[in-house]
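Scroll down for the structure; my scribbles are underneath it.
First the proteins, then the strands, lettered A, B, ... as listed; each starts at 1.
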Amino acid sequence: MEAEKPYKNFIQKIIDEDNLSGKFNKNVHTRFPPEPNGYLHIGHAKSICLNFGLAHQYNGLCNLRFDDTNPIKEEDEYVKAIIEDVSWLGFDWGDRLFYASDYFDQMYEFAVFLIQSKKAYVCDLSADEVRATRGNLKEAGTDSPFRERTVDESLLLFTQMKNGDFEDGSRTLRAKIDMSHPNLNMRDPVMYRILKANHHRTGDKWCIYPMYDWAHGLEDSLEGITHSICTLEFEDHRLLYDWYLNQLDTYHPQQIEFARLNLNFTIMSKRWLKKLVDDGYVSGWDDPRMPTISGLRRRGYTPESIRNFAEKVGVAKRDNVVEMNLLEHSLREDLNKKANRVMGVIEPLKIVITNFPENEIDYLEAINNPEDESAGKRRIAFTKEIYIERSDFMEEPFRKYFRLAPGREVRLRYAFYITCVDVIKNSKGQIIELHCTYDPETRGGSSPDGRKVKGTIHWVSSTENIEAEVRLYDRLFLEPNPSKSDNINDTLNIDSLVLKKTCFIETEMKKASVGEFYQFERLGYFSLDNIDSSPEHFVFNRSVALRDSWKKIEKGFQTSKIGCG
RNA sequence: UGGGGCGUCGUCUAACGGUAGGACACCUGGUUUUGGUCCAGGUAGUUGGGGUUCGAUUCCCUACGCCCCAGCCA
């Protein structure tokens with residue numbers, strides 16, 4: 001798939017050692033285990049690429065498994081979205097699509113076995129009481145009064161729990177470990193809770209649901225997972241993971257933890273992302289500003305760019321905050337090779353070419369992709385009236401500004417040199433159009449006399465064009481680390497979406513369709529919005545702007561900003 | 001401060017105990033009909049202090065800093 005790095009990450013080194021020692025018979029079998037309680041984001045993409053990538057590199061397998069042990073939070077809508085996202089990213093789990101709920105019966109049997117082994121007991125304490133007796137970071141907890149209940153009594157009560165004889169929260173099944181263990185996870189953790197909730201797959205069959213720690217190792221074990229890769233916060237849980245599997249004396253995968261991805265100027269918490277959706281700050285999980293996979297897809301990211309990004313950020317155990325730059329770079333890198341170029345004007349300023357004949361159309365030739373000759377060429381209509389970008393004209397230009405200005409000559413890309421001869425303003429002094437002359441000798445964009453023009457600008461005919469709406473996006477948050485701020489709402493960037501309702505694009509784009517990528521020359525990469533765009537009303541999303549070294553120069557001159565859009 | 005982790009350029013990430021390298025970002029210069037791309041070059045880092053060693057990012061000790069854990073969430 002992508003070029004492999006010349007070095008290995010720490011997980012690859014562990015696998016190499018395991019293969020050397022024969023720990024798993026040289027097998028590599030991973031899994032990606034999302035909980036269907038929200039949409040996948042770019043952080044999940046890192047994990048997906050890691051798990052599927054490892055399996056691929058070592059000729060192993062990777063399962064897709066929904067960790068659906070909490071019916072209260074989980075929905076089928078999320079299952080569908082997750083399947084679409086993983087598959088869109090380019091990964092294939094074959095016939096190995098599993099659900100934790102597939103194993104509820106087996107988990108139940110294992111739990112009965114643990115009770116019989118005197119390693120688990122039904123506890124009648126309430127949630128509050130359990131919390132009160134768990135102790136804290138410094139103090140040991142105290143044993144539950146039900147801890148020494150007989151096996152038979154626990155067995156009977158557990159059956160009754162399963163049958164729905166008790167109220168939600170009235171009892172739990174707990175592992176009997178050590179209430180004074182320094183690792184809080186080992187203080188008689190809850191294995192099952194009573195939850196009379198409808199499960200998206202098992203319906204009302206179960207009144208009890210397994211907790212993550214109890215369920216996850218069993219799922220891994222049952223599927224023959226070799227390396228169970230998860231994020232750092234589960235490091236503390238590995239002891240419990242191992243304890244359960246050891247008590248059951250069953251096949252025992254190795255849990256390995258890595259640092260989750262963080263991206264600056266955005267958030268990765270599903271809880272916060274859901275809040276942005278629910279509170280209407282964004283249009284949905286797939287809003288192009290969201291760091292979700294569906295949002296990135298709608299924004300115009302390619303699966304390749306995301307996979308390459310995942311490769312570039314690497315895998316380690318150190319907390320990290322990756323710069324948004326790197327994600328954007330990955331997209332530009334991919335699209336520079338793939339995207340056909342086209343001209344579009346986002347903030348139109350009309351130009352009348354005074355010496356160009358009325359009602360005449362001159363069809364000029366343009367290169368579709370300078371990075372890919374096979375992309376061919378196209379024709380662009382040149383007419384007496386055209387639009388250029390407002391920001392490509394300055395009445396009083398900065399020193400290094402080399403676009404259009406009064407009396408100045410610039411090149412219209414693939415067309416002619418034009419010279420600005422007149423600036424037309426309305427009663428309020430706003431520039432409404434420009435009068436220019438063109439040099440017929442410069443057709444195609446070069447002059448027989450070899451004279452140089454510093455600037456080349458894009459343009460679109462005012463009659464031969466397509467009208468479109470364009471959406472420009474910026475970071476969702478103003479703070480580099482929004483989740484660390486006191487009030488996350490205060491850091492929201494209210495200008496993260498800018499609508500350009502009336503834009504003009506060359507007629508070539510009539511055939512544009514969703515899923516294609518274009519570079520609007522000098523503006524960035526764009527693609528049609530997969531929800532709001534229609535053949536009657538094109539809506540383009542800017543996926544990412546081009547790198548812009550002018551912007552930096554411009555900042556130096558910003559003391560005197562005039563007429564520049 | 002109990003337990004579990006982690007400290008390398010601005011940001012990610014490498015380096016059997018042997019020249020601290022790569023990517024992004026940034027800065028120069030070149031090419032250019034996109035102020036894009038491409039090309040060439042540059043700036044910039046081992047948390048501090050000890051120790052072992054001919055030699056320490058790596059091993060040991062110590063200090064400091066950061067992250068995670070007290071859900072019947074995952």
Side-chain angles (χ1 to χ4, degrees), chain A residues 5-9 33-35 37 67 69-70 72-74 123 125-127 130-131 134-141 168-174 180-187 189-195 208-209 211-213 215-216 230-239 257 259 261 264 270-271 311-330 332-333 336-337 341 343 366-367 370-371 400-403 411-415 417 442 444-446 453-458 519-524 545-554:
Chain A
K5 287 192 176 183
Y7 58 87
K8 300 198 169 185
N9 64 47
E35 185 191 11
N37 67 342
D67 212 354
T69 57
N70 185 357
I72 292 170
K73 292 185 177 177
E74 296 151 7
C123 177
L125 258 27
S126 71
V130 169
R131 189 177 311 121
R134 183 158 30 225
N136 56 44
L137 296 182
K138 298 177 101 167
E139 291 161 33
D168 281 13
S170 59
R171 269 170 249 258
T172 55
L173 181 70
R174 292 226 261 164
S180 60
H181 197 107
N183 181 332
L184 266 40
N185 294 124
M186 301 298 274
R187 320 246 259 227
V190 170
M191 296 165 61
Y192 276 95
R193 74 282 214 187
I194 301 172
L195 234 46
I208 55 173
Y209 290 93
M211 298 288 289
Y212 168 87
D213 289 306
H216 204 87
C230 61
T231 42
L232 251 30
E233 67 269 27
F234 292 103
E235 225 152 11
D236 285 342
H237 296 243
R238 190 174 62 239
L239 195 58
E257 311 85 10
L261 171 75
N264 65 7
K270 274 200 251 182
R271 182 176 149 251
E311 188 61 38
K312 284 185 223 279
V313 300
V315 179
K317 296 195 70 158
R318 161 187 344 145
D319 289 331
N320 61 82
V321 183
V322 173
E323 289 179 351
M324 194 62 92
N325 268 330
L326 190 60
L327 215 210
E328 296 185 339
H329 165 79
S330 304
R332 289 192 193 104
E333 186 182 44
N336 179 48
K337 293 176 298 189
R341 270 120 250 229
M343 291 197 286
I367 293 164
E371 307 294 317
K400 286 186 180 173
Y401 186 87
F402 45 81
R403 281 110 88 170
R411 173 190 294 111
L412 293 178
R413 174 136 242 229
Y414 297 124
Y417 292 2
T442 57
S446 58
V453 289
K454 273 183 279 185
T456 300
I457 63 176
H458 59 277
Q519 183 194 111
F520 289 7
E521 296 221 19
R522 305 209 302 134
L523 296 176
L546 257 27
R547 275 184 76 232
D548 187 359
S549 53
W550 164 248
K551 206 162 56 184
K552 291 164 201 158
I553 301 167
E554 190 183 24

NA contact type, [X], heavy-atom cut-off 4.0 Å: base, sugar-phosphate, or nothing?
X: A/V315; value: sugar-phosphate
X: A/E371; value: base
X: A/K400; value: base
X: A/P33; value: nothing
X: A/L327; value: nothing
X: A/A127; value: base
X: A/Y209; value: nothing
X: A/S446; value: base
X: A/T69; value: sugar-phosphate
X: A/E521; value: base
X: A/M343; value: nothing
X: A/Q519; value: base

Expressed in whole Å, how much space separates the [atom1] atoms belonging to [N] and [M]?
N: B/U13; M: B/G45; atom1: C1'; answer: 12 Å
N: B/G7; M: B/U46; atom1: C1'; answer: 10 Å
N: B/U53; M: B/C61; atom1: C1'; answer: 16 Å
N: B/G21; M: B/A15; atom1: C1'; answer: 7 Å
N: B/U57; M: B/U47; atom1: P; answer: 10 Å
N: B/U1; M: B/C64; atom1: C1'; answer: 15 Å
N: B/G55; M: B/C69; atom1: C1'; answer: 41 Å
N: B/G51; M: B/U58; atom1: C1'; answer: 15 Å

With a 4.0 Å limit, can you tell me whether [X] has a side-chain N or O closer than that to the phosphate oxygens OP1/OP2 of [N]?
X: A/R522; N: B/G35; value: yes
X: A/S549; N: B/G36; value: yes
X: A/R193; N: B/C73; value: yes
X: A/R318; N: B/U8; value: yes

From A/S170 OG over to A/L125 CG, what is the distance, rounded to the nearest 0.5 angstrom?
11.5 Å
Determine whether a donor-acceptor pair (N or O, by modelled atom type, separation under 3.5 Å) exists between the side chain of [X] and the backbone of [Y].
X: A/R134; Y: A/P189; value: no
X: A/E74; Y: A/N70; value: yes
X: A/R187; Y: A/N136; value: yes
X: A/N264; Y: A/E323; value: no
X: A/N9; Y: A/G314; value: no

Looking at every heavy atom in both A/L546 and A/R332, which two are closest together, and how far apart are they?
C-NE, 3.8 Å
Ignoring hydrogens, what is the shortest heavy-atom contact between A/H237 and A/E233? Give both atom names and the distance.
CD2-O, 3.6 Å
With both distances under 3.5 Å as the test, what is the Watson-Crick or G-U wobble partner of [N]?
N: B/G7; answer: B/C64
N: B/A15; answer: none
N: B/C59; answer: B/G51
N: B/G41; answer: B/C27

Taking syn as within 90° of 0 and anti otherwise, name the glycosidic form of B/G5.
anti
How long is the line joining [atom1] of [X] and [atom2] of [N], in whole Å?
X: A/N70; N: B/G71; atom1: CG; atom2: P; value: 16 Å
X: A/Y192; N: B/C72; atom1: OH; atom2: C1'; value: 14 Å
X: A/L546; N: B/C38; atom1: CG; atom2: C1'; value: 14 Å
X: A/D168; N: B/C73; atom1: CG; atom2: P; value: 10 Å
X: A/R187; N: B/G71; atom1: CZ; atom2: P; value: 11 Å
X: A/N9; N: B/A14; atom1: CG; atom2: P; value: 7 Å
X: A/N336; N: B/U32; atom1: CG; atom2: C1'; value: 13 Å
X: A/R171; N: B/C72; atom1: CZ; atom2: C1'; value: 14 Å

Does a side-chain N-to-carboxylate-O contact under 4.0 Å join A/K73 and A/E35?
no
Identify, between A/K551 and A/A259, the residue whose nearest nucleotide on RNA chain B lies closer to the 5' end.
A/A259
I want to confirm an ordering. Mapping A/I194 and A/N320 to their closest nucleotides on RNA chain B, which one lands closer to the 5' end?
A/N320
Given side chains that start at C-beta, do those of A/I367 and A/R341 come closer than 4.5 Å, heavy atoms only?
no
Is the shortest heavy-atom distance from the side chain of A/T172 to the side chain of A/M211 under 4.5 Å?
no
Show me the protein contacts with nucleotides 18-29 of chain B, counting only N or O atoms at under 3.5 Å.
| from | atom 1 | to | atom 2 | distance (Å) |
| --- | --- | --- | --- | --- |
| B/C26 | OP1 | A/K552 | NZ | 2.9 |

Against the side chain of A/A316, the closest entry in B/U13, B/C73, B/G5 is B/U13
Nearest to the side chain of A/M211 - B/G5, B/U34, B/A74?
B/A74
Within the 4.0 Å limit for protein heavy atoms, which parts of nucleotides 63-70 of chain B are touched? Write it as a string from 5' to 3', B for base, S for sugar-phosphate only, - for none.
----SBBB
